[in-house]
Structure formats: C-alpha cells, structure tokens
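Every chain is numbered from 1 and lettered A, B, ... according to where its sequence line falls, protein lines coming before strand lines. Computation of the quantities below employed the complete heavy-atom set of this structure, encompassing side-chain atoms and omitting hydrogens, waters and symmetry-equivalent molecules.
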Number of protein chains: 2
Amino acid sequence: MADPQKRLETMLAKLKEKEMRITPQRLAVLKILSESCEHPSVERIYEQVRGDFPTTSLATIYKTIILLKEIGEVLEIGFSDGSSRYDGNKPYPHPHLICTICKTIIDPDSDSLKDVTAELSRETGFRITSHRLDFFGICSGCQKNR
Amino acid sequence: MADPQKRLETMLAKLKEKEMRITPQRLAVLKILSESCEHPSVERIYEQVRGDFPTTSLATIYKTIILLKEIGEVLEIGFSDGSSRYDGNKPYPHPHLICTICKTIIDPDSDSLKDVTAELSRETGFRITSHRLDFFGICSGCQKNR
DNA sequence: TTTTCTGCAAATGCTTTGCATGGGA
DNA sequence: TCCCATGCAAAGCATTTGCAGAAAA
C-alpha cells in the first residue's frame, strides 16, 4: 500500500496544477480514496463524507470521482452488475482478489501473473472460483461462516 | 474457438434438461452466441434476431441472456461504463484483448499469463495500454487509421 | 470579483418487471 | 391442455445533467 499522506499530496498537487478548486467536500473524498484499502463504492464514500459534511449530495461525489478518473488519480473497478468500486491509493492497474460473498476486495502482493491462482489461494485462504485480473473467490472468513 | 455446432447442441441440451422451452427467438439468440467471435452486445444480438423475427423485443433478449448466465452457458464481460458484451462460444473465464477505439474483442491464443502483455502485443499488433485479464489496447487496424 | 463547485431536482438510459396474449411440449 | 415465454409498456435505479446560489481563489 502506498503512503496515504503522499497519495493525498499527489492528488492535491494535481488538482492545483489543473486549476481545480479544493473544496472541503473534495478534500474529504480525496482523503477517503487515498487511504482506501477497502476499495469503497460511491455509496460508501458518500456515507463517510456525510459524516463530516451532512449536506453533501451524491452528485458531488459522482462529479468528484469523474474528475479524478479524468486526471488518472483513481482506479475504477467496474462490475457486470453495474456497481463500481474505487482505488485512489493505487490508481493504476493491478490484480484484485474479490470475495463473491462479502464483496471484500484486497490487493495481493504478487507481481508475477504466473501460477498466481494457486499462489493466491494458498497465501490468502481464498478459494478461487473465477478471474479477470481481478480474481474472484471466497475469502477465508466467508468459508468459515458458511 | 469451440465448434459452434457443438456449442449450440450443448446449450440446447442444457435448456431441455432444465425443462425450459426452445422458442424460435431463443434459438436465434443461442445460435448467435454459439457462433460469436465478436462478443456481441445485447443491442447487437437484438438487431440480428430482429432480422429473422422482426417483432422480437429487447426484453426477450435480456431475459434469454439472464437465463443463459444462470445456467452458465454464456460469459458476461461487463465494463465500467455499464455496457456488457457476451461470449457464448467460450462461456468460461479466459483472457480478452480489447481495442479501446473500435471496441473489438478477441480471444488471444496464449494460455500462460506470463509475459502475456509483450507476447500479445507482438502477435496481434495491439499496443497494450491497460489490463484486467481483459487486456485493453489499440488494435492494428485502429493504429493505422489514426 | 470572477469562476468554479455544490446541492437540489429533474432527466437519462439501460435493464427489469408485470401482465395479458401467444405458443411450445 | 397446461404452463412457460413473448412483447408491450411501465417501473426501477444508478448515474448524469441543468441551474441558481454558495464559496474558492
């Protein structure tokens, strides 16, 4: 995981460079995304931002994310069901390991794509059932709670 | 590519097994999907089916695809923008090579995931710009037409 | 002060649903 | 004949858009 503080600074610098304004709402979204290990959904970001700024609208979250996508500071992980999750900590393509039950998304350590399925399964306790470069599976927690 | 004829038979057998009816519209959708090299969109399938059955509705195409997904006879390739493409010829996870300009989707031959990016780029003329297990890039045709 | 951003509400656009009719088996 | 599938239109829903007021710079 990249240093959230540095990520935030990078994002802020990029916004300033593009002469875009740093509003409290935007700052809140940037903070959440720069610290994200959980790869939050729009809805999740919305809830968190509303904790600090109760009048924030969903539209603002969407607009901010569209903005960040345009300047390459957030990675969108879109799914077939139309839902999307976001990674502002590592905004570049990298493998994901996704639990199809609890929807947890983690970033595996492996850089190589060779024999990754077996390797990831062993290291994380996931049972791999599908893939994409995104690997889908069931995390160890969900395997126990069945 | 799998033999379209056999794929069609497999799909039909599965429908019968589940006691689902084989209607002309469904048969048309199955045929298109079993022969798909182009990984058609719902809209594309709709247009083709309407060639033979002009009264067919979009809802029927959607319902048929949902059905096929449930019985594992079609692979959905969903994108961040909400659009989806379908593969009924190889309804199991496999790598895709996607042109971000003309939206062509092809199935590369390689089975290994090692050094695939460079390999695919060389073999197909794509310039790889992103990936997923789905690899995104620009196909040779679009590189020429710039 | 200027220009951009916010937040509300309305508009989109794709997908799903409900239901009466039609058609497989 | 009995159900299931079709096709139309309406409903859903996540996302986008338009615009007047608010607030960065």
- B/E73 and B/R7 ion-paired at < 4.0 Å: yes
- Measure from CG on A/L67 to P on C/dC5 and round the result to the nearest Å. 7 Å
- Would you say D/dA24 has OP1 or OP2 under 4.0 Å from some side-chain N or O of A/T23? no
- Which whole-number value in Å describes the distance from B/L27 CG to D/dA5 P? 15 Å
- For A/L58 and C/dT12, give me the distance from atom CG to atom P, rounded to whole Å. 20 Å
- What integer distance in Å separates A/I45:CD1 from D/dA14:C1'? 15 Å
- Task: Indicate whether OP1 or OP2 belonging to C/dG23 is found under 4.0 Å from a side-chain N or O atom of B/R21.
- Result: no
- Query: Once you round it to whole Å, what is the distance between P of C/dG7 and CZ of A/F53?
  - Reply: 10 Å
- Task: Send over the distance from B/I22 CD1 to D/dA5 P, rounded to a whole Å.
- Result: 10 Å
- Length of the line joining A/I66:CD1 and C/dC5:P, which is rounded to integer Å: 13 Å
- Message: Quiz question: going by heavy-atom distance under 3.5 Å, is there a donor-acceptor pair between the base of C/dG18 and the side chain of B/K63?
- Response: yes
- Message: Quick check on DNA chain C: between B/S83 and B/P24, whose nearest nucleotide comes earlier from the 5' end?
- Response: B/S83
- Task: Determine whether the side chains of A/N89 and A/H39 contain a donor N or O and an acceptor N or O closer than 3.5 Å.
- Result: no
- Given C/dT6, D/dA25, D/dT17, the nucleotide with the shortest approach to the side chain of A/A59: D/dT17
- Message: Both B/E19 and B/T60 contact DNA chain D. Which one's nearest nucleotide lies toward the 5' end?
- Response: B/E19
- Query: Counting only side-chain N and O atoms of A/R26, is one of them less than 4.0 Å from OP1 or OP2 of C/dT4?
  - Reply: no
- Distance in angstrom units between B/F79 CZ and C/dG13 C1', rounded: 19 Å
- Rounded to the nearest 0.5 Å, what's the gap from CG on A/L8 to CG on A/L12? Could you check? 4.5 Å
- Query: Hey, is the side chain of B/T55 poking within less than 4.0 Å of OP1 or OP2 on D/dG7, counting only N and O atoms?
  - Reply: yes
- Taking side chain as C-beta onward, heavy atoms only, is A/V49 less than 4.5 Å from A/T60? no
- Does B/Q25 make a side-chain N or O approach to OP1 or OP2 of C/dG23 shorter than 4.0 Å? no
- Shortest non-hydrogen contact from A/G78 toward A/S84: CA-OG, 3.5 Å
